[in-house]
2 protein chains.
Amino acid sequence: MPPRRPTQRDIAERAGVSTATVSYVLSGRRGGAKPPPPETRERVLRAVAETGYQLDQAGRSLRRQRTDVVALMYPAPSSPWSDRLAEELQVAAADRGLAVVALPVITGASTAAILRILRQRYIDGAVLLHDCPLDGAELAALAAQGRSLVVFDDDLEPDGFDVVRQNRLRACRAAIERLITAGHRRIAFLSHADDHGDPLADVKLRSYTDGLAAHGIAQDPQLVRAVADSRPDAYAAVRDLLRLPDPPTALLSATDRAAIDGIWAARDLGVTVPDRLAVIGIGNIPEGLMISPPLTSVGAVALDFSDAVARLFERLDAEAALPGAELSAPWELITRASG
Amino acid sequence: MPPRRPTQRDIAERAGVSTATVSYVLSGRRGGAKPPPPETRERVLRAVAETGYQLDQAGRSLRRQRTDVVALMYPAPSSPWSDRLAEELQVAAADRGLAVVALPVITGASTAAILRILRQRYIDGAVLLHDCPLDGAELAALAAQGRSLVVFDDDLEPDGFDVVRQNRLRACRAAIERLITAGHRRIAFLSHADDHGDPLADVKLRSYTDGLAAHGIAQDPQLVRAVADSRPDAYAAVRDLLRLPDPPTALLSATDRAAIDGIWAARDLGVTVPDRLAVIGIGNIPEGLMISPPLTSVGAVALDFSDAVARLFERLDAEAALPGAELSAPWELITRASG
DNA sequence: CTGAAAGCGCTTACAG
DNA sequence: CTGAAAGCGCTTACAG
């Protein structure tokens, strides 16, 4: 049995002061009044050092009605985007003495435990990336209970929480439009595996299907391959596509990674990009800039979430509840040499 | 101003029962005694539904002296390994009604806020991956205060917390040994950028340097390139290396990703792998299995953290404090065709 | 300047 | 079977 965790009462006894003084010394807070004098302060700090005292978050959080923790919720697995946002959030939070916890949401696994973190006042606020398992009513309820929320979503209306628009469908549609406008009719699509109802996967596939339909181009099932989540599968699929009797002249890929391996496959077959195969990816990852030819892609222009992060802290700092706002950080079609 | 969050007292008034009964109904717990009868139960649940009541974690955690939350701490950015561990942990935790929070540790940023999560009884326990910013004394202190900890580390002695050994240095040494034993003397190394004191980066570079030294091979600075964290840089560096007047005949890379791009570079120059360039990576990522030739690599044999996860829950469930144990999940040299 | 005391929202041993 | 009450560890308005 480990020795009982020391409490502020233990510190107070050891230092010969009241628990109020201990709290004042440790928090540095003191209404308007003067802080305790150095001599008292030192006695308290010595007692803390001697006992290894650590504040108990539960007591503090119960009394202060705040946790000084914020969360970042995102669909697992993580991506360069969620990693980057975690970093920006953590740096900004550290300035204010707040901690950040990440909440990866695993597709298919139970979300009950994660939602508990949001609902049971475990955190003061959160940034939720696209496609998190909460609907508008739930978010509004959380906001009404005082949680500060900034939500990436293209459809939800703000309602006590803020919404960041990325207009992903529009940007993906611009990609397929570009290919069709350039004269392509045999356009292959590397899709996600469709075994789960991932909304972003839907957006991507829908933009392909809608784009073809809008121009009266019949969709050839042979040209749609669910290989976007596996680089080697993507390589093999594009190689096979290019060996068809009537091969595609353009390729749209649900991921940049698969698009890049598609370019490798084309190069290995002596098929030049973009002349004989135009390639466009989705996601705009840094790696796409480096391949030859550089990858045309759909995605956020910059790895910059500072607006969303700033808004979360505005909300946390606000005296009264802020109305929901719309922020904009649109995805764009970023044209490079590959398509 | 949002309406005050309802408390169990509000629910009790609405349902015409005591707060004790509310708590019994909501927790399902009831010492040995019988649970409240269905009629009472229903009145309580109706009041909960009407008010949108949510439990307050701070009150509960203060009283019960547990948070029902566990953490996973890992160096940012995330990797397939940390993602996988997060998933295993979350699935196992969900079975017990525990939530999981991820704590990415950003190199260079302040770790104070993250350490607060561990120290201030914000969580019941945690799995810490390699190279987290806590020393043995600190970990022992946390363990003594009741935190359940399972720590991936090759050097620390267990001390109230458990340690998972990966023997990374030994496994990396086996890779360089293999190349030297096969007769290679011109061995290139793709290293991490050395602008931060990442201990794993040290382990990798050390195994290269030590391996050469052990066989009396002089190290050629020309053959060490800090490109392991950038695929395009790796590609370019290997291309340049192979064009040297006296090119390397073998390549050890601090990352599998860079090793894979090294293989692409060799292929594009008509240099066959492994005949004219033997290639070994570190990390054993799934992608390495798919390239041709498949990548020889150093890393964990399987994406399986069940032992570590199981041990964390053993510790959480234990009545008395468990002594620290050593678990083993060694990295291995996984020999495939590339080197 | 310091301390006694109330109270944050729960849970649970205990009395009825 | 149910409720009154104590108490978890903090913070802070208030009295001295």
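What you see below is based on every heavy atom in this structure, not just the backbone, and it leaves out hydrogens, waters and symmetry mates. Chain identifiers are assigned alphabetically (A, B, ...) following the order of the sequence lines, protein sequences preceding nucleic acid strands; residue numbering begins at 1 within each chain.
- Picking from C:dC8, C:dT12, D:dC1 the nucleotide with the shortest atom distance to the side chain of B:P37 gives D:dC1.
- Residue contacts for B:Q54: at a heavy-atom cut-off of 4.0 Å it reaches the sugar-phosphate backbone alone, with no base atom in range.
- The side chain of A:Q8 approaches D:dC10 more closely than any other nucleotide in the set C:dA5, C:dT11, D:dC10.
- In this structure a side-chain-to-backbone donor-acceptor pair under 3.5 Å is present from B:Q90 to A:P104.
- The closest donor-acceptor contact from the side chain of B:S82 to the backbone of B:S79 lies under 3.5 Å.
- Whole-Å rounding puts the B:Y122 OH to D:dC10 C1' distance at 15 Å.
- A sub-4.0 Å separation between OP1 or OP2 of D:dC10 and a side-chain N or O of A:Q57 is absent.
- Distances shown here put every side-chain N or O of A:S18 at or beyond 4.0 Å from the OP1 or OP2 atom of C:dA4.
- Ion pairing of B:R96 with B:D68 is absent here, as no side-chain N (NZ or NE/NH1/NH2) approaches a carboxylate O to less than 4.0 Å.
- No option in B:V164, B:V127, B:D162 other than B:D162 meets the side chain to side chain contact (heavy atoms under 4.5 Å, CB included) test with B:R311.
- As rounded to whole Å, 18 Å separates atom P of C:dT2 from atom CD of A:E13.
- In this structure, the nucleotide among D:dC10, D:dT11, D:dA6 sitting nearest to the side chain of A:Y53 is D:dC10.
- The separation between B:R121 atom CZ and D:dC10 atom C1' is 11 Å, rounded to whole Å.
- Remark: A:E39 engages A:R43 in a salt bridge, criterion side-chain N to carboxylate O under 4.0 Å.
- Of all nucleotides listed (D:dG3, C:dT11, C:dG9), C:dG9 comes nearest to the side chain of A:Q65.
- Both A:T21 and B:R63 lie near DNA chain D, and the one whose nearest nucleotide falls closer to the 5' end is B:R63.
- Atoms CG (A:L55) and P (D:dG9) sit 12 Å apart, rounded to a whole Å.
- Nucleic acid contact for B:A20: base, since at least one base atom lies under 4.0 Å from a heavy atom of the residue.
- Of the possible polar contacts, none joining the B:D83 side chain to the A:P77 backbone as a donor-acceptor pair under 3.5 Å is found.
- Following rounding to the nearest Å, A:R9 (CZ) and C:dA4 (C1') show an atom-to-atom distance of 12 Å.
- Atom-to-atom, CG of B:D124 to C1' of D:dC8 comes out at 15 Å; the value is rounded to the nearest Å.
- Nucleic acid contact for B:T40: sugar-phosphate only, since backbone atoms but no base atoms lie under 4.0 Å from a heavy atom of the residue.
- Distance CG (B:L62) to P (C:dG7): 17 Å, rounded to an integer number of Å.
- In this model, the phosphate group of D:dT12 is approached by a side-chain N or O of A:R64 to a distance below 4.0 Å at OP1 or OP2.
- Side-chain proximity of B:D56 to the nucleotides D:dC14, C:dC10, D:dG9 is greatest for C:dC10.
- A close approach under 4.0 Å does not occur between any side-chain nitrogen or oxygen of B:T7 and OP1 or OP2 of C:dG9.
- Applying the Watson-Crick and G-U wobble criteria (two distances, each under 3.5 Å), C:dA13 pairs with nothing in any strand.
- Going from atom CZ of A:R5 over to atom P of D:dG9 covers 9 Å, rounded to whole Å.
- One finds no side-chain N or O of B:Y24 lying less than 4.0 angstrom from the OP1 or OP2 phosphate oxygen of C:dC10.
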